[in-house]
K.L.:
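Next up is a structure, given as structure tokens.
Remember, it's 1-based here, ligands and their atoms both numbered in the order they're listed. Since this is a predicted model, take the numbers as computed values, not measurements.
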Amino acid sequence: MRVLGIESSCDETAAAVVDADGRVLSDVVASQIAVHAPYGGVVPELAARAHLTNVVPVLERAIAEAGGLETIDAVAVTNGPGLVGALLVGLQAAKAIAFARDLPLVGVDHLIGHLFAVYLRRGEGDPEVPTLPYIALLVSGGHTAIYEVTAPGEAHILGQTRDDAAGEAFDKVAKLLGLGYPGGPVIDRLARAGDPRAIELPVPMASRRTLDFSFSGLKTAVARRVKTHGVPESEAEMADLCASFQRSVTRVLVQKSVHACRTREIGRLVLGGGVAANSGLRAAAAKLCAKHGIALHVPPLASCTDNAAMIAYAGALKLASEGPATLALSAYSRSPDLRRGKQPRRRAT
Ligand code: KG4
Ligand code: ZN
């Protein structure tokens, strides 16, 4: 079984072919960073237009690299959550291919894709695969949440951000400091030369009573500091501010994830999403997991950031358990069970 996956929920147009064992046969991602960089964040209308330009060449390459359209057995596509105008581009392309080739079509929840990306087999650098259940920390530009992943295609949300996503906090703080977009990689790089204890910043929602997060107060604390002291002029001061901010974000992410492992008595933690690239987060997670005897699984970066291989793999799981969707499949902007205050069971939809 070879599944063609298509992903266009935000600012990456992606297509990939994966087999039922998670082996990645092709994986093409066209990034729109250059399109959105001047605005310091993703502009939905521009994202949809760029997807329209990119979707056919990206699909052609992914299909050709995997051996041609005749080798494909099913089409999986992200149908939510995300920017609806962006999602519709991938969805229409998936429907067109499924209809033209008479292939089964399956809609995949983007977050379920991230949560099972740890099973993708890319060859070199694959982490040891965790057994189920495991705790997953998903940290990206659009989402920040802790899940208990219980069965193929199934996860329960344990906690989530009440305002900004962690990546969004990195991006907004970088914008405040004039560091460009996306901010995460720049702050990560600058923080390496800084002292994380140099500047006292709030550790947001540090209480163990909740696994929810909040990052907008931390962003405001940095904004207030910039208003009073100005943007740091020297490299050393900038490095200290970046390191202190990064420590505040990563500490709370790691502490709550490990707390979730301990209270749920699950000895496996998986990191996912673009912020999983953060060196401070990886180091802090490795340290705390080692202290508590928790196995840490960090997939290679290509599996952490938005990609279509994870959608293809989650699509294969869903096809096996639920069968195909019809051509009436529609897009949704927000997962119903991610709305604030609700923590129901989540199944791939
Ligand atoms: O998963 P992703 O590629 O796209 C989605 O948002 O779904 O994540 C992008 C986010 C951006 O906010 C970016 O600033 C952040 O991940 N990011 C990082 C790092 N690399 C990317 N944040 C912190 N440290 C990094 N090294
Ligand atoms: Zn994502």
K.L.:
Taking both backbone and side-chain atoms into account, decide whether Cys10 has an N/O/S atom under 2.8 Å from the Zn ion (ligand 2).
P.N.:
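Cys10 does not place any N, O or S atom closer than 2.8 Å to the Zn ion (ligand 2).
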
K.L.:
For a side chain to side chain contact (heavy atoms under 4.5 Å, CB included) check, start with the C-alpha distance between Val258 and Ile294, then their side-chain angles and the critical distance, and finish with the verdict.
P.N.:
CA-CA 8 Å; Val258 168; Ile294 294 165; 3.8 Å; yes

K.L.:
By atom name, which N, O or S atom belonging to Asp306 lies closest to the Zn ion (ligand 2)?
P.N.:
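Closest N, O or S atom of Asp306 to the Zn ion (ligand 2): OD1.
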
K.L.:
Does His143 bring an N, O or S atom to under 2.8 Å of the Zn ion (ligand 2)?
P.N.:
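Short answer: no, not a single N, O or S atom is under the cut-off.
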
K.L.:
Give one line per pair: atom of ligand 1, protein atom, distance. Only N/O to N/O under 3.5 Å.
P.N.:
residue, atom, partner, partner atom, Å
ligand 1, 1 (O), Gly274, N, 2.9
ligand 1, 6 (O), Gly141, N, 2.8
ligand 1, 6 (O), Gly142, N, 3.4
ligand 1, 7 (O), Asp306, OD1, 3.2
ligand 1, 7 (O), Asp306, OD2, 3.0
ligand 1, 12 (O), Gly167, O, 3.1
ligand 1, 12 (O), Asp171, OD1, 3.4
ligand 1, 12 (O), Asp171, OD2, 2.7
ligand 1, 14 (O), Asp171, OD1, 2.7
ligand 1, 14 (O), Gly184, N, 3.0
ligand 1, 24 (N), Gly184, O, 3.4
ligand 1, 24 (N), Asn278, ND2, 2.9
ligand 1, 26 (N), Asp188, OD2, 2.9

K.L.:
Do NZ/NE/NH1/NH2 and the carboxylate oxygens of Arg122 and Asp27 come within less than 4.0 Å?
P.N.:
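Asp27 and Arg122: salt-bridged.
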
K.L.:
Does a sphere of radius 6.0 Å around CD in Glu200 hold more than 12 heavy atoms from other residues, nucleotides or ligands, not counting ones at 6.0 Å or beyond?
P.N.:
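It does not: Glu200 CD has 12 such atoms or fewer within range.
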
K.L.:
Charged N to carboxylate O under 4.0 angstrom, Arg121 versus Asp21?
P.N.:
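The answer is no: the pair does not qualify as a salt bridge.
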
K.L.:
Give a yes or no on whether a salt bridge exists between Asp171 and Lys175, defined as a side-chain N under 4.0 angstrom from a carboxylate O.
P.N.:
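Here Asp171 does not pair with Lys175 in a salt bridge, since their nearest N and O are not under 4.0 Å apart.
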
K.L.:
Applying side chain to side chain contact (heavy atoms under 4.5 Å, CB included) to Leu329 and Val77, what does each step give before you reach the verdict?
P.N.:
CA-CA 10 Å; Leu329 185 68; Val77 61; 4.1 Å; yes

K.L.:
Could you check whether Asp19 pairs with Arg2 (Lys NZ or Arg NE/NH1/NH2 to Asp/Glu carboxylate O, under 4.0 Å)?
P.N.:
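No.
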
